[in-house]
Every structure is written in structure tokens, then in C-alpha cells.
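Let me begin by presenting the structure, written as C-alpha cells, before commenting on it.
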Amino acid sequence: MSTLPAEQVSLVDLIDRLLAEGVVVAGRVTLSIADVDLVDISLHALLGSVNPGVLEPE
Amino acid sequence: MTETAVWVYAVARPPAQTPIVNGVAGESVRLVRRDRLVAAVGSVSLDEYGEEALRRNLEDLSWLESRARLHHQVVSALAVSGPVVPMRLAIMYDDDERVQQMLAETQREIEDALAAVSGCSEWGVKGYASDAGVTEAEPGPAPGSGTAYLQRKRDDLAARDRARKSNAAKAESVYRAARSLAVAGRRHALQDRQLSGESREMLLNAAFLVEDERSHEFAADMASLGGTVQGVDIQLTGPWPPYSFTFAAESP
């Protein structure tokens, strides 16, 4: 079945799936280039880096 | 020549077709095979994807967005030819040999996951409160006596509490209805309004693994559920590659 075209996907839905908790193989796969623990880069951290004023719906 | 790492998009079974789309770094995607598995991979420059650069770049929302979309595009392209186990964003290895080593080490888990998602797609089901917060700062009549004011305050709090409980119950019934048609279900954390840009209160953010044969039935049921469960607007997204259903624990 062909899946949702990338341009119709909202970023926040994608982040839920590609970065947020427990998604995909994380426990088994090690980043061999370095010990970057990407689980740490959560939505929370991201939000912290975003200026709250910029994205706030009016 | 700059140093590179090998970014992994997803794993599938041969004979999977090489996705004819560019990867996160604009590179062409290729397949790396080991026994009964193939990984869709691309070589990316360490200048941009090395540890230090990556830490910085992942904090940049527009960088993240474009890479997430490109990653998704490759995973989706691979999913056209059969079941896939998508990798989380930014999983990289030194070289193709290390990718093969990973495939060998995780072969059983990946094969189990491929079997589990075979013939299925993921659907996102989001539920929003359709009534826009009745209790929020209504310009009521001017406060009378202090007692009346306190009474009103108490009533407000009680109403809010009732609304919260009723919203939780609605979210639960939507989840259960969707789950009954699905192979598996999973709850994601509720989305932050700042990122989603959604003004309504989110009540449910779930994903379901649904057999492709039943996808029409599932979509129709979700559409009609919006009418049955009062006060919830349901938004269906998908079909997605099975991002939420590979190696992840299922919510009860």
C-alpha cells in the first residue's frame, strides 16, 4: 500500500514517529560514529530550543 | 574527500526495490544486503552529520523538518515494494559492513517485526475536544457579593473537573473502538500546541496497525465515530509506514 505523501504529513506527526519515545529499534542499534543518544533529543528539548513567541498561535 | 557515515532509512526483505528518491543529504539511496534482509542506506558527510554537527542541527527546527520529511520519503518509497521496518531518524554507521553486521545481529527481531507488519499499515487517530473550553474567561455579569463570587468559582472548578473526566472517557472510547478494528494500538504523547498549531484541546494521539484489507472499513468507522462519540473531532492520518509498531511496546 502506498503511504501518505511527504508533503501531506505534518511535522509534529512525523516527530511523534521518528524521534519521540520508544520508536524503532533504538535499544538494539548503536550509533557507531559516536555515542550520541538520540533518545535524549526529545520533543521537549526541541521545544526548549524554539522561541515560544515564534510558534505561538495568536 | 570528506568523511562519510552511512545513514540507515529502513530494513526490508529482498527483492526490495531501490527507492528512486534522494536521501536526507540529497544523496542517492542504495540497498545493502545481508542474508534475508536489505537496508536502504545513503552516505552522508560527517561535516553535517557527525556527532557535533548533528547535535547542533537537530536543535534547528527547519533542518530537522527537512531531514524528517526526506527520511520519511525514502521509507515510504521502500514500503511500496513490501513490508518495512523503519529506522528512527539519524541512525548511522561507519560503513556498509557495519550495517551488515547490524542486520546480522538483529536479524531475528527484524524478521519478526517484518512478519508482524506485513500486509498492514499504520494509521494515526487524533481526537480533539470539539467544544472550545466553555469555562475559559467568560465575561459574565459583574460579581455580586463575595459569597456569590466564591460559589461561581467553585462551580467553575467543578465544571472543569467534569469536563476533564468526560474528555478522558471520550478519548478512551475512541481508542477502544479503533483498537477493536486494528492488529495493534499505541498511544503517543499528546502533541504540544506550539508545534501542532492546533487551537483545540487534544484528547487522544494514537496510532493503530491496521490490515490493508481493512483500511477502508477502519477509515469509515473512524469517520462515523466522530458522530457517535459526542464532543470529539477525530482526525485520521495515514497510511503511514509502521513507525510506531516495530520493537515498541504496545499500550494496553
Side-chain angles (χ1 to χ4, degrees), chain A, chain B residues 5 8 46 49-51 54-55 58-61 64-65 68-73 75-76 79-80 85-94 98 102 105-106 109-110 121-122 124 126 188-189 191-199 205 207 212 215 237-241 243-244 246-249:
Chain A
M1 179 172 248
S2 53
T3 52
L4 206 57
E7 61 275 15
Q8 283 175 31
V9 167
S10 78
L11 174 62
V12 66
D13 288 345
L14 214 44
I15 286 178
D16 280 344
R17 290 168 170 80
L18 293 181
L19 275 187
E21 18 95 51
V23 189
V24 188
V25 212
R28 292 294 308 224
V29 175
T30 49
L31 263 181
S32 52
I33 53 160
D35 61 343
V36 185
D37 186 0
L38 284 154
V39 183
D40 283 348
I41 301 173
S42 62
L43 188 58
H44 192 253
L46 265 174
L47 276 171
S49 73
V50 170
N51 176 357
V54 178
L55 284 178
E56 201 122 271
E58 79 255 343
Chain B
V8 186
L46 286 183
Y49 295 88
E51 176 174 2
L54 195 62
R55 281 185 198 283
L58 284 166
E59 302 278 321
D60 174 350
L61 203 58
L64 178 76
E65 169 158 20
R69 289 190 187 283
L70 290 163
H71 182 89
H72 172 64
Q73 197 168 295
V75 175
S76 297
V80 171
V85 169
M87 305 295 275
R88 204 175 37 137
L89 202 68
I91 301 284
M92 282 169 275
Y93 293 86
D94 280 337
R98 297 294 285 266
M102 175 276 284
E105 282 167 6
T106 55
E109 286 93 334
I110 293 180
S121 294
E122 174 174 334
K126 298 186 278 185
H188 289 294
Q191 293 173 346
D192 189 286
R193 281 182 190 177
Q194 282 183 26
L195 273 185
S196 67
E198 174 60 58
S199 57
N205 185 22
D212 289 337
S215 61
T237 63
W240 292 90
Y243 290 119
S244 310
T246 39
F247 299 100

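Atom set for the values below is all heavy atoms of this structure, side chains included, hydrogens, waters and symmetry mates excluded. Below, read A as the first sequence line, B as the second, and so on, with proteins coming before strands; counting in each chain starts at 1.
Counting heavy atoms from C-beta on, the side chains of B/Lys126 and A/Asp13 come closer than 4.5 Å.
Contact between B/His72 and A/Val9 at its shortest, heavy atoms only, is NE2-CG2, 3.6 Å.
Rounded to the nearest 0.5 angstrom, A/Ile15 CD1 and B/Leu89 CG are separated by 9.0 Å. Atom CD in B/Glu65 sits 9.0 Å away from atom OG in A/Ser10 (nearest 0.5 Å).
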* Asked: Given the rule in the side-chain contact (heavy atoms from CB on, under 4.5 Å) test, do A/Arg17 and B/Glu122 qualify, once you have shown the distances and angles that lead to the verdict?
  -> CA-CA 11 Å; A/Arg17 290 168 170 80; B/Glu122 174 174 334; 2.6 Å; yes
* Determine, stepwise, if the pair A/Leu14 / B/Trp240 fulfils side-chain contact (heavy atoms from CB on, under 4.5 Å). => CA-CA 10 Å; A/Leu14 214 44; B/Trp240 292 90; 3.5 Å; yes
